[in-house]
Amino acid sequence: VQLQASGGGLVQAGGSLRLSCRASGRAGWSDVMGWFRQTPGNEREFVARIRWSGDWIYYADSVKGRFTISADNDKNTVYLQMNSLKSEDTALYYCAVASWNTIRPNAYRSWGQGTQVTVSS
């Protein structure tokens, strides 16, 4: 499966963005889609995950209550709605697919190219 992430940009603190991740070459129904983020010099950090069936939703504590992950099977697209953005959310955001329920980056088998999110304070 190939993944195409989009939707990043520059936003002021407190603002919102919606990231999209379109999958081509259909992932399995039981596959898990994850969002991760990375800043220079740091390891890739888990943000949120969802199974294509819409369950197994899980968020990192740092984004819980502000971000919402969802999946549209008709469009083969997973979304990450980000509200109440903070400067510490600034990062390169990646989507990825895994075969089981995990938050470990090295368990994800395919990755999108990343989309930059910059939050100005």
Between Asp31 and Arg109, is the closest basic N to carboxylate O distance under 4.0 Å? yes

Any chance you could measure Met82, atom CE, to Arg37, atom CZ, to the nearest 0.5 Å? 9.0 Å

Considering only residues two or more places apart or on different chains, which pairs with a residue in residues 56-65 satisfy salt bridge (Lys or Arg N to Asp or Glu O under 4.0 Å)? Asp61-Lys64

Flag, side chain of Asn73 to backbone of Trp52, donor-acceptor distance under 3.5 Å: yes

Give me the atom names and distance for the closest heavy-atom approach of Ser20 to Trp35. O-CH2, 3.6 Å

Closest contact, heavy atoms only, Ala91 versus Gln116: O-NE2, 3.3 Å

Partners of Ser70 by side-chain contact (heavy atoms from CB on, under 4.5 Å), sequence neighbours excluded? Tyr79

Using a 4.5 Å side-chain heavy-atom cut-off and chaining through intermediate ILVMFWY residues, the residues clustered with Tyr58 come out as Val32, Phe36, Phe46, Trp56, Leu92, Tyr94, Ile103, Tyr108, Trp111

Show every donor-acceptor pair shorter than 3.5 Å between a side-chain atom in residues 1-14 and any protein atom, with sequence neighbours excluded, or say none if there are none.
none

Sequence-distant partners of Asn42, side chain to side chain donor-acceptor pair (under 3.5 Å), two or more places apart: Thr39

So the disulfide bond (SG atoms under 2.5 Å apart) pairs with at least one residue in residues 49-118 (sequence neighbours excluded) are Cys21-Cys95

Residue set satisfying side chain to side chain donor-acceptor pair (under 3.5 Å) with Arg66, at least two apart, ordered chain then number -> Asp89

To the nearest 0.5 Å, atom CD1 of Ile69 lies from atom CG of Leu19 at 10.0 Å

Heavy-atom side-chain contact between Val47 and Tyr59 under 4.5 Å: no

Which residue pairs pass the disulfide bond (SG atoms under 2.5 Å apart) test with at least one member in residues 46-79, sequence neighbours excluded? none

Report the distance from atom CZ of Arg51 to atom CG of Asn101, rounding to the nearest 0.5 Å. 8.0 Å

Rounded to the nearest 0.5 Å, what's the gap from CZ on Arg18 to OG1 on Thr68? Could you check? 11.5 Å

Test side chain to side chain donor-acceptor pair (under 3.5 Å) applied to Ser16 - qualifying residues, sequence neighbours left out: Asn83

What pairs with Arg44 under side chain to side chain donor-acceptor pair (under 3.5 Å), at least two apart in sequence or on another chain? Gln38

Applying salt bridge (Lys or Arg N to Asp or Glu O under 4.0 Å) as the test, list every pair that has at least one member in residues 98-107; sequence neighbours left out. none

Has the side chain of Ser87 got a donor or acceptor atom that lies under 3.5 Å from a matching backbone atom of Val119? no

Gap between atom CG of Leu80 and atom CE of Met33 - 0.5 Å precision: 11.5 Å

Any side-chain heavy-atom pair of Leu85 and Leu17 under 4.5 Å: yes

Sequence-distant partners of Glu88, side-chain contact (heavy atoms from CB on, under 4.5 Å), two or more places apart: Lys86

